[in-house]
Amino acid sequence: MIVKQHSLTIAVKHYLMTVMKPKKSPGGGRPREFDRDAALETAMRLFWRHGYEGVSFQQLTAAMGVAAPSLYAAFGNKSALYLEAVDRYRSLRGATDLSFMDVYETADDAVLALLIATAHGLSDPSTEAGCMLNMGMLTSHPDHAEIAAQLSERRTAFTALLAGKLQRWLDEEAAADRAVYLSAVIQGMAVQARDGAGRERLEGLARLAAKAIS
């Protein structure tokens, strides 16, 4: 069953409304020397564009316009800042909330909506290319193995979240299998986007992948 265009449009808009949307820092406590939320946004963008090892602490402080002590006080070390930036990315990109899929009556419709939304998110010109979660720390220096492992855990967590969501329509085994497949498709789409694929191409991939498991 093909999802109606207006339903897809609603799903995509719901998904993209969260992308890059500023969030207010919780109130209370002594004011910091800088806007912590804005600093985290800047760090996320830098790590997203250049990767963990491609961004030095000096580059972070320069981009944020703050001294190193302020950055350490707010986030701790570079690895802690990176993981917090990844978690911000996960939240903004919907990797922790798939509730928009609930409006669909069938798994096929929900899956297509997810993949089309992903295509739109990956091809949004206001964001960085690729996917910070799916492409982060795939290769790294052995000294950063612990951070790489935590990124892997976050990817696994998304697949588990998706499997749980798909159980709305499928049995547990079928949902788990489809979630693994879709995670692989999304990772492939992220690489394509990083290599310059535009929205039309990514949407085509999304529809082909959805059709393959319908």
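The model shown is predicted, which means the values in this text are computed figures rather than measured ones.
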Trainee: Work out which heavy atom in A129 is nearest to a heavy atom in W48; give both atom names and the distance.
Mentor: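 Shortest heavy-atom separation between A129 and W48 comes out as O-NE1, 3.4 Å.
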Trainee: Quick one: CE on M44 to CD on E128, what's the gap to the nearest 0.5 Å?
Mentor: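 One gets 8.5 Å once the value is rounded to the nearest 0.5 Å.
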Trainee: Would you tell me whether E53 and H141 have side-chain atoms, one donor and one acceptor, within less than 3.5 Å of each other?
Mentor: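 On atom types as modelled, these side chains do not qualify, holding no pair under 3.5 Å.
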Trainee: Mind listing the closest non-hydrogen atom pair of A63 and T42 along with its distance?
Mentor: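 Residues A63 and T42, closest heavy atoms: CB-CG2, 3.8 Å.
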Trainee: Would you say V185 and L161 are hydrophobically clustered, going by side-chain heavy atoms of ILVMFWY under 4.5 Å?
Mentor: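 Yes: a chain of side-chain contacts under 4.5 Å links V185 to L161.
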Trainee: Specify the closest pair of heavy atoms between A95 and L133, including all atoms of both residues, with the distance to one decimal.
Mentor: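 Smallest heavy-atom distance, with atoms named: CB-CD2, 4.1 Å.
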Trainee: Classify the ring geometry of Y52 against Y82: parallel below 30°, tilted from 30° to 60°, perpendicular beyond 60°.
Mentor: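 The arrangement is perpendicular - the two ring planes meet at more than 60°.
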Trainee: Enter the distance from C131:SG to R194:CZ here, rounded to the nearest 0.5 Å.
Mentor: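 C131 atom SG to R194 atom CZ measures 10.5 Å (nearest 0.5 Å).
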Trainee: Which atoms form the tightest heavy-atom contact between A212 and Y181, and what is the distance?
Mentor: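 So the two residues come closest at CB-OH, 3.7 Å.
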Trainee: Applying a strict under-4.5 Å side-chain criterion to I, L, V, M, F, W and Y, I'd like to know whether L170 and L162 cluster together.
Mentor: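 Looking at the clustering, L162 is in the same group as L170.
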Trainee: Is there a donor in the side chain of D108 and an acceptor in the side chain of T106, or the other way round, less than 3.5 Å apart?
Mentor: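 Side chains of D108 and T106: no pair found under 3.5 Å.
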Trainee: What salt bridge (Lys or Arg N to Asp or Glu O under 4.0 Å) pairs are there with at least one residue in residues 62-84, not counting sequence neighbours?
Mentor: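 Every pair satisfying salt bridge (Lys or Arg N to Asp or Glu O under 4.0 Å) with a residue in residues 62-84: R36-E84.
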Trainee: Do the side-chain N and O atoms of H50 and Q59 include a donor-acceptor pair separated by under 3.5 angstrom?
Mentor: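 Q59 and H50 do not have a side-chain donor-acceptor pair below 3.5 Å.
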Trainee: Report the C-alpha distance between D37 and R88 in whole Å, list the side-chain angles of each, state the deciding distance to 0.1 Å, and finish with yes or no for salt bridge (Lys or Arg N to Asp or Glu O under 4.0 Å).
Mentor: CA-CA 10 Å; D37 196 62; R88 176 183 177 86; 2.9 Å; yes
Trainee: If you compare all heavy atoms of T159 against all heavy atoms of S183, which two are closest, and at what distance to 0.1 Å?
Mentor: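 Answer, listing the atom of T159 first, then S183: OG1-OG, 2.7 Å.
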Trainee: Looking at every heavy atom in both R168 and D102, which two are closest together, and how far apart are they?
Mentor: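 Scanning both residues, the minimum pair turns out to be NH2-O, 3.2 Å.
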Trainee: Once ring-ring contact (aromatic ring centres under 6.0 Å, His included) is applied, do any residues pair with F57, and if so which ones, sequence neighbours excluded?
Mentor: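 If we apply the ring-ring contact (aromatic ring centres under 6.0 Å, His included) test to F57, skipping adjacent residues, the hits are Y72.
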Trainee: Any chance you could measure D195, atom CG, to R201, atom CZ, to the nearest 0.5 Å?
Mentor: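 D195 CG to R201 CZ: 8.0 Å, rounded to 0.5 Å.
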Trainee: Under a 3.5 Å cutoff, is there a donor and acceptor pairing between the side chains of R49 and T127?
Mentor: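 Checked: R49/T127 side chains show no N/O donor-acceptor pair below 3.5 Å.
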Trainee: From L166 CG over to D177 CG, what is the distance, rounded to the nearest 0.5 angstrom?
Mentor: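 L166 atom CG to D177 atom CG measures 11.0 Å (nearest 0.5 Å).
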